[in-house]
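Worksheet: one structure, shown below.
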There are 4 protein chains.
Amino acid sequence: MALSEMTTDAPRRGRPRSERSQRAILRAASDLLLEHGLSEISMDAVADRAGASKATIYRWWPSKELLVLDALLSEWASGTADAVDTGSLAGDLHELILPWTRQLTTKPWGRVIAALVASAQCDAQFAEEYRAHFVKLRREPGRTALVRASERGEIAADTDVDAALDLLYGPFYHRLLHGHAPLTERFARTIVEYVVAALSSPGRERR
Amino acid sequence: MALSEMTTDAPRRGRPRSERSQRAILRAASDLLLEHGLSEISMDAVADRAGASKATIYRWWPSKELLVLDALLSEWASGTADAVDTGSLAGDLHELILPWTRQLTTKPWGRVIAALVASAQCDAQFAEEYRAHFVKLRREPGRTALVRASERGEIAADTDVDAALDLLYGPFYHRLLHGHAPLTERFARTIVEYVVAALSSPGRERR
Amino acid sequence: MALSEMTTDAPRRGRPRSERSQRAILRAASDLLLEHGLSEISMDAVADRAGASKATIYRWWPSKELLVLDALLSEWASGTADAVDTGSLAGDLHELILPWTRQLTTKPWGRVIAALVASAQCDAQFAEEYRAHFVKLRREPGRTALVRASERGEIAADTDVDAALDLLYGPFYHRLLHGHAPLTERFARTIVEYVVAALSSPGRERR
Amino acid sequence: MALSEMTTDAPRRGRPRSERSQRAILRAASDLLLEHGLSEISMDAVADRAGASKATIYRWWPSKELLVLDALLSEWASGTADAVDTGSLAGDLHELILPWTRQLTTKPWGRVIAALVASAQCDAQFAEEYRAHFVKLRREPGRTALVRASERGEIAADTDVDAALDLLYGPFYHRLLHGHAPLTERFARTIVEYVVAALSSPGRERR
DNA sequence: TCCTAACCGAGACGGTACGTCGCGTCTTAGG
DNA sequence: CCTAAGACGCGACGTACCGTCTCGGTTAGGA
């Protein structure tokens with residue numbers, strides 16, 4: 001509902017928007033998304049399953065991609081989980097990464113995200129929307145943790161934070177999207193360990 | 001041509017396959033791919049531009065995805081570039097990564113690859129084909145370099161090679177697919193540096 | 001419109017069928033039919049000329065044959081011309097046959113009908129539809145005239161009415177479909193004369 | 001074989017035409033014709049079933065229609081049956097009509113002929129070929145019989161022979177092509193009887 | 001005994017049309 | 001003003017035939 005809510009201050013006249021339809025549409029989209037790929041689901045099918053009309057969907061969501069993005073967000077409504085300060089970089093990153101990977105692997109969201117990533121390639125506007133809600137949302141807490149670690153002197157002051165964030169998140173997206181190996185908890189711990197080691201390497205510190 | 005070539009030893013009967021058509025089709029696919037996204041290009045358009053008939057395309061490529069994969073491979077025909085032994089892990093990884101990122105950034109292949117990644121989510125067979133030709137092809141030289149580094153004692157013997165490879169390649173795919181930051185040479189150098197630092201960290205070695 | 005109209009009493013929901021499209025499609029079909037043979041016209045061409053979409057055509061007519069049949073009927077909408085009672089068999093048959101042959105010869109319907117006849121050979125359902133709307137529609141007034149003549153004693157009571165109707169209509173269809181000779185008014189008069197002679201022959205009456 | 005035989009006097013060099021293929025093709029065409037309609041059979045299917053190549057078919061028959069016509073003629077190779085002089089018009093017509101209707105009804109040739117008739121509508125050259133081999137072939141003996149009857153004084157000297165032939169054959173083609181009633185022997189006898197009555201009607205003679 | 005012309009099968013080729021499906025828009029009636 | 005229903009124009013899908021075109025082989029007569 002995050003995306004389709006355009007809060008106008010005007011005291012809306014006429015029949016109000018049906019919450020029932022809205023929920024049914026997002027639910028239908030989510031369900032179909034887990035069964036098929038984004039390109040395999042049709043607006044007709046969503047409308048059908050939701051018992052809604054296509055016109056109603058298009059009235060509130062300008063495209064299939066944004067509908068799906070909204071459906072995804074409404075499924076993951078919780079979970080922003082502002083960075084907890086555990087006192088160490090390793091601890092902070094664990095707190096960020098482990099719940100996130102668990103969320104990613106409970107259901108086949110990988111293909112949904114992959115499809116959104118693909119859609120984003122041809123639609124700059126949607127790309128921005130997607131990045132704002134998916135990528136940055138996760139990176140910002142990570143950035144906070146890195147800055148804290150830098151202030152504590154745990155990592156170098158001249159650390160390339162953006163590259164470091166890519167070093168952290170990249171491996172997960174890589175496995176999620178390419179599927180060449182599973183996204184296990186063990187893998188998550190290993191990556192966090194490597195990232196911490198990379199950034200806190202004495203060799204770098206001395207430079 | 002890698003994919004559509006099924007070398008049968010049997011003495012081919014009937015009219016032989018037209019190499020001209022084959023090339024024209026792959027070229028048309030490549031060209032269109034650089035102009036539009038995978039989902040925006042139609043088989044009709046490819047056939048039209050290639051001066052071929054749709055039937056001919058479907059005779060040799062079972063799906064748009066495999067055609068596009070083939071087109072991509074034929075564009076990048078060269079470039080496997082077996083791992084050069086420079087004597088150091090950092091040198092080896094540079095030799096692998098820098099030419100590859102240069103190749104990725106000369107043309108807008110990002111969206112093509114993203115679309116292929118998306119397609120792979122819903123088609124296990126294509127996913128395997130894609131991974132074999134795109135992902136593994138790049139990982140194997142990296143694996144070789146890591147094994148050499150391990151044998152030289154440059155990195156720990158118990159290094160998780162698969163995770164390390166994801167640590168190396170993940171950040172590049174991340175930026176390529178999400179587009180939140182550019183794939184610069186500077187970025188490549190930084191990531192290689194971090195990866196080397198992560199694996200050769202004295203803290204790890206002593207353990 | 002006769003064929004594609006399924007009058008349901010239910011209070012029609014949703015957007016109503018577009019009469020404009022319907023008319024344009026039938027018109028396009030008629031026009032193309034007069035220029036080419038049934039097998040030369042394509043649904044694409046009909047859709048194009050009608051400014052309609054193929055889906056709309058297929059929504060209302062299950063096959064090209066039924067569309068063409070409908071187009072033909074809508075062109076000949078009038079003209080059933082219930083048998084007029086002129087007091088004599090010869091007069092009645094003239095009233096039936098002459099306007100009909102004029103209708104048949106004003107435009108090149110011959111090849112259209114021939115094509116429909118051919119199509120009917122392979123599709124029993126369409127054959128029935130065709131016969132009901134084309135053949136029987138004309139035979140019934142003829143049958144009425146014959147029965148009247150029989151009641152008047154003009155022809156034998158034991159006349160084989162079906163054979164007599166074939167004797168009457170067969171020669172016209174023969175020339176129409178085979179084209180070995182023209183369907184002139186003179187020919188029509190001659191056939192009617194022969195048929196009346198055949199049925200009212202004293203030789204037969206006495207038997 | 002009648003149609004595809006262009007007897008050149010030149011002493012053909014090279015490999016002679018394969019009679020085996022020719023027979024197989026005609027047989028395949030006949031078989032498929034009895035199972036499906038002309039428009040349902042494809043040259044590919046004929047080639048396949050005959051174990052021949054499409055090129056071979058097109059080398060000898062310029063179109064599907066002419067191939068089918070040839071196949072039909074080769075099935076009915078015999079049967080021209082020059083008019084027998086029985087001494088009476090009724091007898092002569094019986095001799096002509098009864099064997100012919102028997103031939104027409106033994107197998108579902110009706111639809112084949114109907115399809116040829118339809119094809120003839122759009123191809124004047126084929127139409128002529130068809131009429132020459134199918135229609136005229138039957139009409140000529142009929143014409144002979146009528147002329148004899150006229151000379152004997154059995155029918156009027158001013159009889160319109162062409163119309164009379166249409167009166168005779170039309171009803172059969174009508175039932176054959178429209179299928180509204182069966183082509184029984186009883187029907188044949190009735191039509192012949194009516195035709196004789198029509199032509200020999202005293203009313204006409206005296207006029 | 002070769003040579004070579006004409007045939008043969010197999011099967012790929014550029015096309016055209018098929019009938020279906022999904023898109024995003026529209027036009028109804030009704031809450 | 002919103003909703004469900006559903007028809008609309010559009011355009012791509014993957015398939016089936018069309019008639020043509022190479023191929024490698026085969027089968028004759030003439031050299």
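A, B, ... follow the sequence lines: proteins, then strands. Residue 1 opens every chain. Below, all heavy atoms of this structure are taken into account, side chains as well, without hydrogens, waters or symmetry copies. Here the structure is a predicted model, which means the values were calculated and not measured.
Look at CG on D44(D): it is 15 Å from P on dC13(E), rounded to the nearest Å. In this structure, R20(C) atom CZ and dT28(E) atom C1' are separated by 18 Å, rounded to whole Å. In this structure, Y58(B) atom OH and dC13(E) atom P are separated by 15 Å, rounded to whole Å. The CD1 atom of I57(A) sits 10 Å away from the P atom of dC23(E) (whole-angstrom rounding). Across the protein-nucleic acid pair, E40(B) atom CD and dC23(E) atom C1' stand 13 Å apart, rounded to whole Å. Straight-line distance from the CD1 atom of I41(A) to the P atom of dG24(E): 12 Å, rounded to whole Å. Atom CZ of R13(B) and atom C1' of dA10(E) are 6 Å apart (whole Å). The interatomic distance linking L38(A) (CG) with dG22(E) (P) rounds to 14 Å, in whole Å.
Within the 4.5 Å cutoff, the side chain of R27(A) has no heavy atoms near those of the R23(A) side chain. Contact check for S63(D) versus F126(D): no side-chain heavy atoms found under the 4.5 Å cut-off.
Residue-level contact check: A47(D) touches neither bases nor backbone, having no heavy atom under 4.0 Å from any strand. Nucleic acid contact class of S53(D) (heavy atoms, under 4.0 Å, all strands): base.
Residue W61(D) places no side-chain N or O under 4.0 Å from the OP1 or OP2 atom of dG19(F). Dashed line: the shortest gap from a side-chain N or O of R59(C) to OP1 or OP2 of dC8(F) is under 4.0 Å. Between S42(A) and dC21(E) there is no side-chain polar atom (N or O) within less than 4.0 angstrom of OP1 or OP2. In this model, the phosphate group of dT3(F) is approached by a side-chain N or O of W60(A) to a distance below 4.0 Å at OP1 or OP2. Contact annotation: T56(A) reaches the phosphate of dA4(F) (side-chain N/O to OP1 or OP2, under 4.0 Å). Contact check, K64(D) against dC18(F): a side-chain N or O comes under 4.0 Å of OP1 or OP2.
Residues R15(B) and G51(B) both approach DNA chain E. Their nearest nucleotides, taken by heavy-atom distance, put R15(B) toward the 5′ side. Of the residues near DNA chain F, K54(A) and A55(D), the one whose nearest nucleotide (by heavy atom distance) lies more toward the 5' end is K54(A). Comparing P62(C) and A52(B) by the nucleotide of DNA chain E that holds the closest heavy atom to each, the one mapping nearer the 5' end is A52(B).
Atom CD of Q125(B) has 12 or fewer neighbouring heavy atoms from other residues, nucleotides or ligands inside a 6.0 Å radius.
One finds no salt bridge joining R111(D) and E40(D) here, because no Lys/Arg side-chain nitrogen approaches an Asp/Glu carboxylate oxygen to under 4.0 Å.
Interatomic distance, CG of D70(A) versus CD1 of I25(A), reported as 10.5 Å (0.5 Å rounding).
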